[in-house]
Student: 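Structure incoming, see below.
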Amino acid sequence: MSTIGYSDWAVDLADVGPVYPFQGLEGLMVLVGVVFWLGWHVVQFRRESVELAEAAKNAKAESTKAMIDLY
Amino acid sequence: MDGNLNALTTIFTEFYYWVTVVFMFLIHVGFCMYEVGVSRRKNHLHTLMKNIMIIPLVTVTFFLFGWWIYWAFPNFYIFGGSIDYEAGAANLPTSPNMATHLGDRITGVFWAAFLLFSWTAASIVSGSVIERIRSSALWVHAVLIGSVFWIIDAAWGWHYAGWMVQKLGYHDAYASGVIHAIAGGYALGVLMVLGPRIGKFASDGTPRDIPPHNPWMVTLGIFIIYTGFWGFYAACNVPLISPEVIGGQLTGTTWTATNIYLGPTSLGAITFNFLMSLSGGLLATYIVSKGDAFWTFSGGLAGIIGASAGNDLYHPIQALIIGGIVPVIAYKLHHYVERRFKLDDAVGAVAVHGYAGFMGVVIAGFVLWGAPSSPFEGYAAINPLGQFAGAIIMFFVLGFAPAYIVTRIQSAFGVLRIPPEVELQGLDFADHHAYENAIAEITSATHEHLKS
């Protein structure tokens with residue numbers, strides 16, 4: 001048993017194609033990739049919204065001046 | 001891979017593209033240094049992260065759908081064409097070719113070469129909008145230009161069977177239009193909605209200079225971009241192919257390097273022209289900008305971009321002159337547009353990439369008028385009208401228009417720009433304090449440890 005379809009390399013390489021694990025489940029793997037990608041956007045967007053709202057609320061004249069002078 | 005020659009050609013091609021990909025990584029390194037050098041200290045970390053995260057986002061989406069678009073869209077949906085599902089099938093993310101496959105050594109490296117162009121397109125936009133765009137908003141644009149719009153233009157105008165090549169005679173060997181004009185046009189569309197940084201314009205509308213906080217980092221960044229650009233040029237070629245495999249009108253048995261349209265060229269030719277157009281840009285912009293370092297270096301880049309459409313065929317002196325003229329016009333246009341339309345392009349990306357790329361495509365139509373756009377029979381020859389139409393498609397249709405529409409939507413939902421208080425205080429304020437607090441804490445703890 002082998003997840004990649006080969007349990008030894010006693011083969012003619014001319015006959016060898018894909019060698020990644022779990023062949024046949026490509027659709028499912030792509031679905032996982034899509035969820036990971038879109039999920040990341042959602043998490044990042046929510047977190048950024050909170051951070052920006054807090055930063056805007058906590059902005060003080062003095063600290064802002066110091067940051068501007070920092071250039 | 002039957003036969004030693006075929007095996008050698010395949011391995012050489014695989015290694016060739018792999019090397020170009022590594023070189024092109026330097027473009028992104030250079031862009032990051034450039035952007036951080038231009039930004040003010042209060043925004044360094046966010047500026048860096050905004051650009052770095054383009055890498056994973058565009059990579060994932062280019063794997064999921066960008067690469068498929070390139071193969072399926074060359075004739076979609078123009079002149080009755082349709083999606084080419086057959087050509088696209090091997091390039092779907094579910095295809096075994098898009099994975100560890102011992103019978104296909106080329107798809108992975110070829111995909112990666114195109115992917116690095118995608119990063120570049122997105123990164124060009126990223127630089128122009130620093131210090132006021134929400135990262136989340138920019139990252140949506142990065143996916144759109146990197147994995148959708150630029151690759152549609154590549155399918156149409158940078159593919160041996162693209163409709164623009166067949167019908168218009170479109171020729172853009174090193175991507176004046178398909179990368180630079182579209183990215184510059186896209187940046188313009190975003191900037192027009194986003195607006196300038198606070199303080200960029202005086203109350204009477206006079207633009208103020210916002211100098212780079214670190215000119216040396218900017219300099220080093222752009223030199224690294226030049227270096228990566230070598231890899232970009234090499235990646236635009238097919239390194240070695242026989243007339244038999246091309247299957248067009250070429251006769252005989254002489255193997256050659258080709259451009260992306262499978263028309264013959266050589267690394268020697270593009271090395272001449274890369275360096276001569278760079279030189280033209282540096283020399284001319286040094287004069288027009290009165291020795292301004294920022295613009296002189298950017299002008300060098302604009303010189304290459306301006307000549308890139310025809311750098312597979314130009315004479316080196318032609319590359320020099322074109323590389324000199326284009327950045328001067330781009331420089332003048334940048335300052336005109338900045339004053340007239342109050343456009344704050346922090347890194348001059350619209351000028352250096354957009355205007356220069358547009359002009360480069362148009363100029364190639366005149367200089368290469370009548371030259372074959374392809375080795376295949378029945379394709380239109382290179383001509384000024386086809387090139388002008390192509391430049392419009394790149395800059396406005398696939399660049400400016402979608403960017404403007406999407407940015408208007410983001411603006412309407414209030415998710416485009418950071419709040420003004422945060423812009424004044426700087427995006428790194430919280431990180432800056434966390435950093436200072438962490439230093440204070442560890443320093444104090446270390447002193448305590450020393451005492452005990």
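Values in this document were obtained by computation on a predicted structure and should not be read as measured data. To find a chain, count down the sequence lines: A is the first, B the second, and so on, and within it residues start at 1.
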Student: Could you label the plane-to-plane angle of the A:W37 and A:H41 rings as parallel, tilted or perpendicular, counting under 30° as parallel and over 60° as perpendicular?
Tutor: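 Rings of A:W37 and A:H41: perpendicular, over 60°.
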Student: Is B:E35 salt-bridged to B:K50, cutoff N-O under 4.0 Å?
Tutor: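 Salt bridge: yes.
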Student: Taking the six-membered ring where the residue is Trp, are the ring centres of B:F114 and B:F62 under 6.0 Å apart?
Tutor: no
Student: Going by an N to O cut-off under 4.0 Å, is there a salt bridge joining B:R197 and B:D344?
Tutor: yes
Student: Let's test your reading of the structure: which of A:V16, A:L28, A:N58, A:I4 forms the most heavy-atom pairs below 4.5 Å with chain B?
Tutor: A:V16
Student: Using ring centroids (six-membered ring only for Trp), state whether B:F65 and B:W68 fall under 6.0 Å.
Tutor: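 Between B:F65 and B:W68, which both carry aromatic rings, the centre distance is not below 6.0 Å.
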Student: Determine the option with the most heavy-atom pairs under 4.5 angstrom with chain A, choosing from B:L427, B:L64, B:N43.
Tutor: B:L64
Student: Check each atom of A:K60 against the heavy atoms of chain B and say whether the ones under 4.5 Å are side chain, backbone, both or neither.
Tutor: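 It is the backbone, since no side chain atom gets that close.
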Student: Of all of B:S136, B:P96, B:G103, which one pairs up most often with chain A through heavy atoms under 4.5 Å apart?
Tutor: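 Highest number of pairs under 4.5 Å: B:S136.
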Student: Give me each pair satisfying side-chain hydrogen bond (donor to acceptor under 3.5 Å, both in side chains) with a member in residues 137-146 of chain B, each pair once, sequence neighbours excluded.
Tutor: B:H141-B:Y186, B:H141-B:T407, B:H141-B:Q410
Student: Of the listed residues (A:Y71, A:F45, A:F36, A:Y20), which shares the most heavy-atom pairs with chain B below a 4.5 Å separation?
Tutor: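 Maximum pair count with chain B is reached by A:Y71.
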Student: Please classify the contact between A:L52 and chain B as side chain, backbone, both or neither, with a heavy-atom cut-off of under 4.5 Å.
Tutor: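 For A:L52, the contact with chain B is made by backbone and side chain together.
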Student: Most heavy-atom pairs under 4.5 angstrom with chain A, which of B:P419, B:S95, B:P56, B:A137?
Tutor: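 Heavy-atom pairs under 4.5 Å are most numerous for B:P419.
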Student: Taking atom types as modelled and ignoring hydrogens, do the side chains of B:T61 and B:S147 form a donor-acceptor contact shorter than 3.5 angstrom?
Tutor: yes
Student: Return the orientation label for the B:W67 and B:W71 ring planes: parallel under 30°, perpendicular over 60°, tilted otherwise.
Tutor: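 Perpendicular.
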Student: Tell me which of these, B:I418, B:L92, B:V140, B:T94, has more heavy-atom pairs under 4.5 Å with chain A than the rest.
Tutor: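 Among B:I418, B:L92, B:V140, B:T94, the one with the most close pairs to chain A is B:T94.
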Student: In terms of heavy-atom pairs under 4.5 Å with chain B, which of A:S49, A:A53, A:G33 leads?
Tutor: A:S49
Student: Among B:A99, B:S39, B:S135, single out the residue with the greatest number of heavy-atom pairs under 4.5 Å to chain A.
Tutor: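 Heavy-atom pairs under 4.5 Å are most numerous for B:S135.
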Student: Between chain A and each of B:R134, B:E423, B:H213, B:E421, count heavy-atom pairs under 4.5 Å; write down the option with the most.
Tutor: B:R134
Student: Contact part of B:M98 toward chain A, heavy-atom cut-off under 4.5 Å: side chain, backbone, both or neither?
Tutor: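 No part of B:M98 comes within 4.5 Å of chain A.
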